Trainee: 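Dumping the structure here so I can ask a few things about it.
All values derive from a computational prediction rather than experimental measurement. Count residues from 1 along the sequence. One-based numbering, in listed order, for ligands and for the atoms of each.
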Amino acid sequence: MSRLAQTAGLTDVQREILSTVRDFVDKEIIPVATRLEHRDEYPTEIVEGLKELGLFGLMIPEEYGGLGESLLTYALCVEEIARGWMSVSGIINTHFIVAYMLKQHGTREQKDTFLPRMALGEVRGAFSMSEPALGSDVSAITSKGVRDGEEYVLNGQKMWLTNGGTSTLVAVLCRSDEGHPEGTAPHRSMTTFLVEKEAGFGEVRPGLTIPGKIDKMGYKGVDTTELVMDGLRIPANRVLGGTTGRGFYQMMDGVEVGRVNVAARGCGVAQRAFELGVSYAQQRHTFGKPIAQHQAIQFKLAEMATKVEAAHAMMVNAARKKDSGERNDLEAGMAKYLASEYCKEVVEDAFRIHGGYGFSKEYEIERLYREAPMLLIGEGTAEIQKMIIGRRLLEEYRFQG
Ligand SMILES: Cc1cc2nc3c(=O)[nH]c(=O)nc-3n(C[C@H](O)[C@H](O)[C@H](O)COP(=O)(O)OP(=O)(O)OC[C@H]3O[C@@H](n4cnc5c(N)ncnc54)[C@H](O)[C@@H]3O)c2cc1C
């Protein structure tokens, strides 16, 4: 166990889960991650291992076959997994968001249909808000679902679906004007549709095409895709929660827990970067001593470790707040913002400590250097987090004069 990023007050069950996951990461993920990442290869065996550990159902209630664990347990597991390879945490993240949205907002029939199979990892979730022309500005969504008898007909193009190819259930946010008169505020005229599909690429069901994997600078292994709906017919009982017009709020609820998750990923990647940096600094000699003995490098290590600690503490705080049933958008926004910025800085410092070797694909830090930037963008950019934080602060500290 590392001295950094400890979490006080965990139960025996939480400690046991975390120790099992850490062991799995050390034995099954870290040794193969860089090789698979360089080949952009999907980590099938790792995913099977995660299924066996029950991680796909970690937060799904026990009555649906999951482990019924808290957001904190989940986030700490994600931190461990991202320490091994961030892409693997991406594979479970969208699944977790969709399962969470079903648990919070689904009808009884939707929960009964999907959650037990999601807990086993048989049904795999992805969520889709972004489009080619928008990501931050969700209210500008143009994809549309129009009622036709007992069905909805969906048209539009979606962008940046993590697990777009491997998933079999996609929560798709569309505009739906049914029952919402012209001029209704954009966030009140959106609906989340639960779209079942085959895994794979091409036309995966009539009217639904997943064109192929987007070629990315990092975050490889996990598939990121577009999604094209052209007259896609969805039964009316696949509107999440059974009522149109609630999609924006449902998605924002999902993204809020997703932000804790991205913060946890930032913590995990930063921890790994620190481990690599502190180890290399004691092996590499310059001017007659290990570089760790040069004060400039020690200061770097001190700054890196402090950032790892601070990000972990904020992430844990945000998760605990949500688990206590309180609104956590402020804490989740702060944790996501800080953890992703610190992650990028800690990774860069570890890269610098490696000197020229950091630039070589033989060294793990090269992979981390390409992975960290994704955390600055996913689940809302830094600017969007600051908008959320700023608005909430003005609500809390309203001028009383
Ligand atoms: C690898 C990857 C995986 C992803 N996975 C998913 C997924 O599974 N599902 C999904 O729905 N989306 C996903 N996304 C999309 C992601 O959520 C968006 O990329 C992100 O929200 C930013 O949107 P954008 O790319 O359209 O940038 P834009 O919204 O165009 O923003 C461009 C720049 O302008 C800034 N900006 C925008 N508005 C403002 C403002 N009002 N004030 C100040 N600055 C502003 C932004 O911060 C950013 O710096 C993924 C993205 C990536 C890269």
Side-chain angles (χ1 to χ4, degrees), residues 37 40 42 78 82 85-101 124-143 156-175 186 190-195 197 210-229 240 247-248 250-259 261-263 265-266 269 332-333 336-337 340-341 343-344 367 370-391:
E37 200 268 355
D40 198 3
Y42 191 77
V78 166
W85 183 12
M86 195 186 85
S87 295
V88 178
S89 60
I91 289 171
I92 52 173
N93 178 43
T94 64
H95 178 84
F96 150 80
I97 290 180
V98 176
Y100 173 84
M101 285 167 62
R124 299 267 297 281
F127 78 95
S128 177
M129 293 193 289
S130 305
E131 296 184 357
L134 65 100
S136 309
D137 186 6
V138 178
S139 66
I141 277 178
T142 59
S143 294
Q157 186 173 352
K158 292 290 186 179
M159 185 72 190
W160 295 120
L161 270 84
T162 302
N163 299 307
T166 40
S167 57
T168 51
L169 177 66
V170 188
V172 183
L173 189 62
C174 291
R175 192 162 295 292
M190 287 190 196
T191 297
T192 305
F193 292 95
L194 298 168
V195 178
K197 69 174 186 65
I210 305 288
K213 287 195 328 184
I214 297 170
D215 199 10
K216 303 169 300 219
M217 71 182 267
Y219 200 39
K220 288 175 182 276
V222 58
D223 47 295
T224 308
T225 72
E226 296 170 54
L227 175 149
V228 182
M229 299 174 289
L240 179 63
F248 183 85
Q250 294 162 343
M251 281 279 177
M252 289 304 126
D253 191 24
V255 166
E256 202 170 288
V257 288
R259 281 182 184 141
N261 205 299
V262 174
R265 285 202 248 175
V269 174
K336 195 272 169 180
Y337 168 53
S340 57
E341 296 291 331
C343 172
K344 182 201 64 166
R367 169 169 65 78
R370 287 182 292 102
E371 286 176 340
M374 151 62 190
L375 300 170
L376 302 171
I377 305 293
E379 316 284 337
T381 62
E383 289 71 28
I384 297 303
Q385 303 312 318
K386 285 192 253 186
M387 281 163 62
I388 296 168
I389 295 166
R391 270 192 217 127

Trainee: Please tabulate, one line per pair, the protein N or O atoms found under 3.5 Å from any N or O atom of ligand 1, giving the distance to one decimal.
Mentor:
residue  : atom   : partner : partner atom : Å
ligand 1 : 5 (N)  : W160    : O            : 2.9
ligand 1 : 5 (N)  : T162    : OG1          : 2.7
ligand 1 : 8 (O)  : W160    : O            : 3.4
ligand 1 : 8 (O)  : T162    : N            : 3.0
ligand 1 : 8 (O)  : T162    : OG1          : 3.3
ligand 1 : 9 (N)  : F127    : O            : 3.0
ligand 1 : 9 (N)  : W160    : O            : 3.3
ligand 1 : 11 (O) : M129    : N            : 2.8
ligand 1 : 11 (O) : S130    : N            : 3.0
ligand 1 : 11 (O) : S130    : OG           : 3.3
ligand 1 : 12 (N) : S130    : OG           : 2.8
ligand 1 : 12 (N) : W160    : O            : 3.4
ligand 1 : 23 (O) : S136    : N            : 3.3
ligand 1 : 26 (O) : G135    : N            : 3.0
ligand 1 : 29 (O) : S136    : N            : 3.0
ligand 1 : 29 (O) : S136    : OG           : 2.6
ligand 1 : 47 (O) : T381    : OG1          : 2.6
ligand 1 : 47 (O) : E383    : OE1          : 2.7

Trainee: F96: what forms a ring-ring contact (aromatic ring centres under 6.0 Å, His included) with it, not counting sequence neighbours?
Mentor: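 Expected list: Y74.
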
Trainee: List the residues meeting ring-ring contact (aromatic ring centres under 6.0 Å, His included) with F193, not counting sequence neighbours, and say none if there are none.
Mentor: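 Applying ring-ring contact (aromatic ring centres under 6.0 Å, His included) to F193 gives Y152.
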
Trainee: Would you mind listing every salt bridge (charged side-chain N to carboxylate O under 4.0 Å, His left out) that reaches into residues 161-171, with sequence neighbours excluded?
Mentor: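 The answer is none; no pair qualifies.
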
Trainee: Do T142 and E131 have side-chain atoms, one donor and one acceptor, less than 3.5 Å apart?
Mentor: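 Distance-only check passes for T142 and E131.
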
Trainee: So does K216 pair up with D223, basic N to acidic O under 4.0 Å?
Mentor: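 Here K216 does not pair with D223 in a salt bridge, since their nearest N and O are not under 4.0 Å apart.
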
Trainee: Say you draw a straight line from NZ of K220 to CZ of R370; how long is it, rounded to the nearest 0.5 Å?
Mentor: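 It is 6.5 Å, given to the nearest 0.5 Å.
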
